[in-house]
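A short write-up of the structure that comes next.
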Amino acid sequence: MAPARLVAGGRPLPSSLHTLMPRYNPAVIEPKWQRFWSEHRTFAAPRMPAGPKYYVLDMFPYPSGDGLHVGHPEGYTATDIICRHRRMCGHSVMHPMGWDAFGLPAEQHAKRTGTPPRVTTEKNIATFKRQLQMLGFSYDWDRELATTDPDYFRWTQWIFLQLFDTWFDRDQQRGRPIAELPVPEDVRQAGEEAVRRFQDAHRLAYQSEAPVNWCPALGTVLANEEVIGGLSERGSHPVVRIPLRQWMLRITAYADRLEKDLEGLDWSESIKALQRNWIGRSTGAEVDFYVGHDQGPSGRPHPGEFKEWRNQRAAGSFPDKPGDDVIRIYTTRPDTLFGATYVVLAPEHRFVARLTRPEQADAVKAYCEQAQHKSDLDRTDLARSKTGVFTGSFAANPVNQRPVPIWIADYVLASYGTGAIMAVPAHDTRDFEFARQFNLPIVPVVDPAADAADRAQVLAGEAVFPGDGVSINSSSYDGIPTAEFKQRITADLADRGQGREAVNYKLRDWLFSRQHFWGEPFPILHELDASGNRTGLMRTVPADELPVNLPELEKFESHGSPEPPLDQAPESWLYVTIDGQRYKRETNTMPQWAGSCWYYLRYLDPKNDKALIDPAVEKAWMPVDVYIGGAEHAVLHLLYARFWHKVLYDRGYVSTVEPFQKLVNQGMILGEVELTGYQAEGGEWVSASAVNTSDDDGKPRLKLGGEEVITVKVPFDQVTKSGESFVLKDQPEIRLESRAYKMSKSRGNVVNPDTVVREYGADSLRLYEMFMGPLEATKPWSMEGVNGVRGFLDRAWRMIVNERAEGLELNAAVVDEAPTVEQNRILHKTIQGVTQDFERMAFNTSISKLMEFTNYFFKCDRRPRAAMEQFVLLLAPLAPHLAEELWALLGHEITLAYEPWPRFDPEAVREDTAEIPVQINGKLRARVEVPTGADAPAMEQAAKDDVRIAELLAGKTVVKCVVVPGRMVNFVIK
RNA sequence: GCCGAAGUGGCGGAAUGGCAGACGCGCCGGACUCAAAAUCCGGUGCCCGCAAGGGCGUGUGGGUUCAAGUCCCACCUUCGGUACCA
């Protein structure tokens, strides 16, 4: 039995609960019940589940200064309903809440005002918590945590130490302790320092000097995922690429498992597709194009040396690492090798300098420098036309030995594949564009299907065909379908030691450090030499000395360089001496994603100071049974958390392969629908069909002429619908735009939950958010809709309460007698419907079923108490405050939170007769009453006996009669 | 461009291949009221008709089926994501 019930059990409700208050007044009853639940710890979850467990998790919020938004309670209400329902079904429910409290806004606020981020954060958390509690969610607040708590980030740092201590064993496809990493003999011979550097190069957490996305406006480096089209995701500031020492996490090692394990998860296919897309696994081949160690004046490989190379390769095998004599390329289309007419290197490719002929040196140097300084924004802007430069050198195509020119172009990315490609302009759109630009040969090697529209052009080298077909111009390989050819040529290349099958991912390693103050410090110390410079060696802060706390800073201002703010920390924090060796602390901090990667584990054992979680507790509660949150986290958060979870699994700290068994994304809530009209300068109306709103500057302009027009919000009563669109009543030729926009401060359409609760009550807000439509859909807000569900709650109240009485008393229609057969049928249909709808999270329809119940019983002047009680229990997960109040009024002295969920009785809903539609040629023509169990011939006869049907059948031939017993009858006639 | 989701009354939306529009909002009518609000009762897809009834109807065009909002093919529109990943 759940603890809350023991606490509340048998104890009479405080007398204050029976206030004089005949009208439904959420402003009084909601705070009262919230206090009751809190005082009695009604929703405290047991340490270990008793009976079946159910772990329901919300994506915890970032407590922003703006407070709660109506989008937050949508998911939270859904999870709350699930939890309250499950408790009534006898499950041990885990339902915690906490705060994703590190984050840039608090730090930026600190820069502006000098208020320490911790102070701002605590204030914001207090606001969020008040707002969540005002909505009556059944969280176990004893488990509350914030990622900024030292007791929490102590374990975030501890997990980092595990990542640091782990290498990925490709053969076993799992992470293993670094101590088990096989060290090559030559490294071992080179001494202890060499071994340490070798290990450092294989850890899941490693440092890299790679170019990063530096955003001067935000004063920080951003992850690739945080840069969209060359601008920062947050605030849309320009981003430039500069080199900086960074911490990286080797998530790419887990790419295969992250993709494969999606299969068993109960997530929507579209979210899985999003993740698969992001991981971007592709299969193809790596192929070596011979260039020789050094070319003659012609820039071409020496034929004799090339032949010798081929023989050597044929006798040996394809080397793991390419030597200096070849360009290794990656392709997904090895079947088009005969059509490879040139090779392209990324500007950052290590062979660029070596392969550049003297006469091309200036052009190449200029091009590469330009590419290096190009921001991502520039690259995106220039995406339309291809740029590149010829090196002057050639490589040998391994399948036909022909020399092909080597180019450099920034459409080839250094960070993907091998940083070099073979270009097949006839069958790759980008290569085609490039070849056209620079007049390079285009050789078709795939024949499209005979009926393809542009086949002739493709075969003439005038159009690109990226699809599958049959090989041509491919020597002895002609006439083979694409898929088969890929396999054959890959196998043949492998035999000759010139290629091998290969897999690539779009997913990159995770840039894991930020130049922030307000983040988790790394538990890392950098060794310093005598002059105070880093030696490149480091040591970890031992686990039992964690957490590494943040120092007190006096100033938070950005100093305009990528140096982290922690570099300005007091020396006492910054420098450490151990055994006579001086160290400097790592001054980068972890990104906001870190804390959210594992919070679902800590909730289960939030006070444990010996381990991040007690393994027995972990085993008992994991995995999360339902996880609900916004689709904006569909890729990053969920991928990162899954990655950490898998590492913890490999290292034996968790027992499940995946953390979140079922995932649901709630849809966005938009502002109220707005009608927008357009007026020209003179004030005369312009039809929306003549206005272009999606121009570069976002200002609406006339499609013809391009003059700016002003937008006017039009009240609904001046508008009517004509055909597909809304028009002005007075001027029906003037079309208006009707649509709901994303809530934003600038548009002024933000709905504040505090206002809604004040005017309608928390139960109304909860109910409305669920009644709007399917949980996963994007839906526009409507205050009239809130008023509508409030009307339902008022009606439910009056169905049970005598509103005209002086004090709180039952409606006289509520009687202690058995329900009639029909009343009982309605009740059990409601039980059945609500229960089924809850199971498929169709809360909107479950509410409409409760409305139907209320509509029916409202008309009854005798309302059996038992039916009313069952109704209150069904309503409880949705509108818990009202339900508790009515439950108490119906004479119960303890909370209904653990009352058994109403049981559906199939007998009760059985009817003697059923009304059956009768169709003729598929059109509804009549309805007939038949006994419930009627068989097909009986139904057919009953249909024929109907006067109207008989009339319509008279003189016609019945070709066929389709009868679905219990459902319908259809006559097919001639 | 590619990937994903969605197009149903005036609006939000409902419908295991089997009575399209449940439920709610809005609107119309009635009751109560001096009146209004609140509340209660009834009606409400569109067109024709006094009515009985009939016709049309789930983005568009085809198809499968006795029967299609639902399944298949092609397309249009909107929203979300993504962008030279070879």
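It should be emphasised that the depicted structure is a prediction, and the values quoted were computed from it without experimental measurement. Throughout, a chain's letter reflects where its sequence line sits, starting with A, and its residues are numbered from 1.
When the P atom is compared between B:A15 and B:U70, the two are found 15 Å apart, to the nearest whole Å. Rounded to a whole angstrom, the distance from the P atom of B:A37 to that of B:C32 is 15 Å. Nucleotides B:G18 and B:G29 are separated by 39 Å at their P atoms, to the nearest Å. B:C28 sits 15 Å from B:G45 when the C1' atoms are compared, rounded to a whole Å. The C1' atoms of B:A35 and B:G49 are separated by 39 Å, rounded to the nearest whole Å. Between B:U65 and B:A83, the two P atoms lie 45 Å apart (nearest whole Å). Taking atom P on both nucleotides, B:G21 is separated from B:A74 by 32 Å, rounded to a whole Å. The separation of B:A68 from B:U58, taken at their C1' atoms, amounts to 11 Å, rounded to a whole angstrom.
Residues passing the salt bridge (charged side-chain N to carboxylate O under 4.0 Å, His left out) test with A:E74 are A:K779, sequence neighbours excluded. Taking A:A805 as the reference, A:N802, A:E809 meet the side-chain contact (heavy atoms from CB on, under 4.5 Å) condition, with sequence neighbours excluded. Partners of A:Y856 under the side-chain contact (heavy atoms from CB on, under 4.5 Å) rule, at least two apart in sequence or in another chain, are A:E822, A:Q823, A:I826, A:C860. Listed by chain and number, the residues in a salt bridge (charged side-chain N to carboxylate O under 4.0 Å, His left out) with A:K272 are A:E269 (sequence neighbours excluded). Legend: residues meeting side-chain hydrogen bond (donor to acceptor under 3.5 Å, both in side chains) with A:K486, ordered by chain and number and at least two apart, are absent.
At the heavy-atom level, A:N970 lies under 4.0 Å from base atoms of the strands shown. When heavy atoms are screened at a 4.0 angstrom cut-off, A:G785 is found touching no nucleic acid atom at all. Nucleic acid contact class of A:F858 (heavy atoms, under 4.0 Å, all strands): sugar-phosphate only. No engagement by A:R804 is indicated, since no non-hydrogen atom pair under 4.0 Å with the nucleic acid exists. When heavy atoms are screened at a 4.0 angstrom cut-off, A:M772 is found touching the sugar-phosphate backbone but no base atom. When heavy atoms are screened at a 4.0 angstrom cut-off, A:T720 is found touching no nucleic acid atom at all.
Residue order along RNA chain B, read from the 5' end via each residue's closest nucleotide, puts A:I271 first among A:K859 and A:I271. Residue-to-nucleotide proximity on RNA chain B shows that, of A:V964 and A:K506, the 5′-proximal contact is made by A:V964.
When distances are taken from the side chain of A:S270 to each of B:A5, B:G54, B:C84, the shortest belongs to B:A5. With distances taken from any side-chain atom of A:P774 to the nucleotides B:C84, B:A14, B:G55, the minimum falls on B:A14.
For the OP1/OP2 pair of B:C41 and a distance below 4.0 Å, the side-chain nitrogens and oxygens of A:R795 include at least one atom meeting the criterion. The side chain of A:K721 places an N or O atom within less than 4.0 Å of a non-bridging phosphate oxygen (OP1 or OP2) of B:C11.
In the region residues 843-852 of chain A, proximity to RNA chain B at under 4.0 angstrom, judged on heavy atoms, holds for A:N844, A:T845, A:S848, A:M851, A:E852.
A cation-pi arrangement is present between A:R747 and A:Y741, with the terminal nitrogen or guanidinium carbon under 6.0 Å from the aromatic centre and inside a 45° cone about the axis.
Side-chain contact between A:V287 and A:P398 is present, with at least one heavy-atom pair separated by less than 4.5 Å.
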